[in-house]
Amino acid sequence: MTATVVVGAQWGDEGKAKIIDHLADHADVIVRYQGGCNAGHTVVHEGQTYKFHLIPSGVLYADKTCVIGSGTVILPTVFAEELKTLQAHGISDAGLKVSQRAHLTLPFHLDIDKAKEAARGDKSIGTTLRGIGPTMEDKVGRAGLRVGDLFADEAWLRDRVAHLADMKNPVLTKVYNLPAIEPEALFETCLDYRRLFQPYVCDTEALLAEALRQGQHLLMEGAQGSMLDLDHGTYPYVTSSNPVSGGACAGGGVPPTALARIIGVTKAYTTRVGGGPYPTELFDEAGRHLADVGHEFGTTTGRARRCGWFDAVALRYAAQVNGFTELALTKLDVLSGLQKVALCTAYRHKTSGERVVQFPAQIGMLDVLEPVLEWFEGWPEDISGCRSVDELPEAARRFVSALSQHCGVPVGIISVGQDRRATICAVPAIGSQNQLSGLTSS
Ligand code: IMP
């Protein structure tokens, strides 16, 4: 019984969808385990570009089961829109399953997200305004509504909704100056949601346990990234869930013993969208090159992403927390054309000069640290046609090798372009051995 976890190793937007798409051929079940429609993944399939936020991109494969797991939060309107997209393109949703334990983002969660961001002023987190934080607050506060609740006896559901309104209305009206929940209207909305989810809802834990028992491969699809993890990221500039590999067990409902391969997806540089500290951020020509050539705009919000050099301090920390068995290095092609490229290998205290190699827990520390950069010759060649490590320019090979060494993790997959085929792969099948580990010792 095996599961592969694909985890964002940075601040999200690492190109996980392409890696998922690449590995999906060899998986039987694809599972979203956390986050919600704050995520955005773009997949090009048979010449058509699809943008999904909630539904796993594996739905494009007719023979896969796609699970939206218990750890996710679901905004029903976005779920409905994505179903429409599938229908419009004649794509079957027969394999799509939704956990009865997943929490629902309700209309007032969106309003609260907006109100809280406004109240934070210049300390705003820069959330995606998809109601993620407020939904998770209600989950942790044991007030939330779950998909399975929609299928309960109507009297029970009506009572549950009325209780929710009693709990939330003083906060909505007195703290946020927002309209109160109308219990009967929300109850009717819930009945609409019931019809929406009816074909898909199931006991996904039981389904996944059975899949594992039958020897099927699970592909666990993380959203956001390790540095946005609620517990391990740059708190409070984080999302309200656990993108790290442990989250795959908690949010997918699969046992840790099932995890065989943990792939950390990382760009060959870094990006971040929204607020929060970012030690290697660039404000110069190189930063503009990364933004322009890398098309660094968010799939969900369209916001420009902040760009900077690869941060091996943050990556080593992510590797510690996740237990990466390998890295999937994306967007190496974006570095082409830069005369020099850099890796941040450590931080240095701006006044004392002290060297810091462990990512600090307290983000205030990051204000007094600066990156220690190791520089490499760039390469002018377009590498998007390279299909093996040997075809990469020597300078690019040296950069990848150093990156791997500084992170202490072998590189198993290198993406050199948007195209599905623009992938250098040492691991053609889930569960096979990483043959690129030689890169770490070159
Ligand atoms: P939230 O998840 O919408 O609450 O946003 C919290 C933080 O996570 C903000 O800085 C967002 O920009 C960031 N974030 C959320 N989802 C993503 C994502 O899919 N990619 C990159 N950043 C994200």
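We use all heavy atoms of the structure for the numbers below, so side chains are in, but hydrogens, waters and symmetry mates are not. Whatever order the structure lists them in is the order used to number ligands and atoms, beginning at 1. FYI, the numbering just counts along the sequence from 1.
Considering backbone and side-chain N/O of T239, one or more are found under 3.5 Å from N/O of ligand 1. Distances between N or O atoms of V238 and those of ligand 1 include no value under 3.5 Å. An N or O contact shorter than 3.5 Å links D13 to ligand 1 by distance. Residue S240 has no nitrogen or oxygen atom sitting less than 3.5 Å from a nitrogen or oxygen atom of ligand 1, judged on distance alone.
No close placement of the H41 and Y50 rings is indicated, their centers lying 6.0 Å or farther apart. Here the two rings, on F399 and F376, have centers that are under 6.0 Å apart.
Classification of the F197-Y193 ring pair by plane angle, with boundaries at 30° and 60°, yields perpendicular. A perpendicular orientation is assigned to the rings of Y200 and F79, their planes being inclined by more than 60° (bins at 30° and 60°).
Set against the non-hydrogen atoms of W11, the atoms of ligand 1 under 4.0 Å away are 21 (C), 22 (N). In summary, the atoms of ligand 1 found under 4.0 Å from a heavy atom of A39, numbered by their order in the structure, are 19 (O). Counting the atoms of ligand 1 from 1 in the order shown, those under 4.0 Å from a heavy atom of V273 are 10 (O), 12 (O), 21 (C), 22 (N).
In this structure, CG on L373 lies 8.0 Å from OG1 on T280, to the nearest 0.5 angstrom.
No side-chain donor-acceptor contact under 3.5 Å links E374 to the backbone of C344.
Ligand 1 lies less than 4.0 angstrom from a heavy atom belonging to R303.
Distances from atom 3 (O) of ligand 1 to the heavy atoms of T128, D113, L230 put T128 nearest. Considering each of G126, G35, G36, G274, the one bringing a non-hydrogen atom nearest atom 11 (C) of ligand 1 is G126.
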Check residues 330-338 and write down every donor-acceptor pair under 3.5 Å in which the side-chain atom is one partner and the other belongs to a residue at least two apart or another chain.
residue: T330; atom: OG1; partner: E14; partner atom: O; Å: 2.6
residue: T330; atom: OG1; partner: T266; partner atom: O; Å: 3.3
residue: K331; atom: NZ; partner: G294; partner atom: O; Å: 2.7
residue: K331; atom: NZ; partner: E296; partner atom: OE2; Å: 2.9
residue: S336; atom: OG; partner: D333; partner atom: O; Å: 3.4
residue: S336; atom: OG; partner: W379; partner atom: NE1; Å: 2.9
residue: S336; atom: OG; partner: E381; partner atom: O; Å: 2.7

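What sits closest to atom 17 (C) of ligand 1 on the protein, heavy atoms only, is Q224 CG, 3.5 Å. The protein heavy-atom contact nearest to atom 5 (O) of ligand 1 is T127 CA, 3.3 Å. When only non-hydrogen protein atoms are considered, atom 13 (C) of ligand 1 lies nearest to L228 CD1, 3.9 Å.
Under a 4.0 Å N-O distance rule, the pair K114/E117 does not qualify as a salt bridge.
Side-chain contact, T271 with K267: a donor N or O sits under 3.5 Å from an acceptor N or O.
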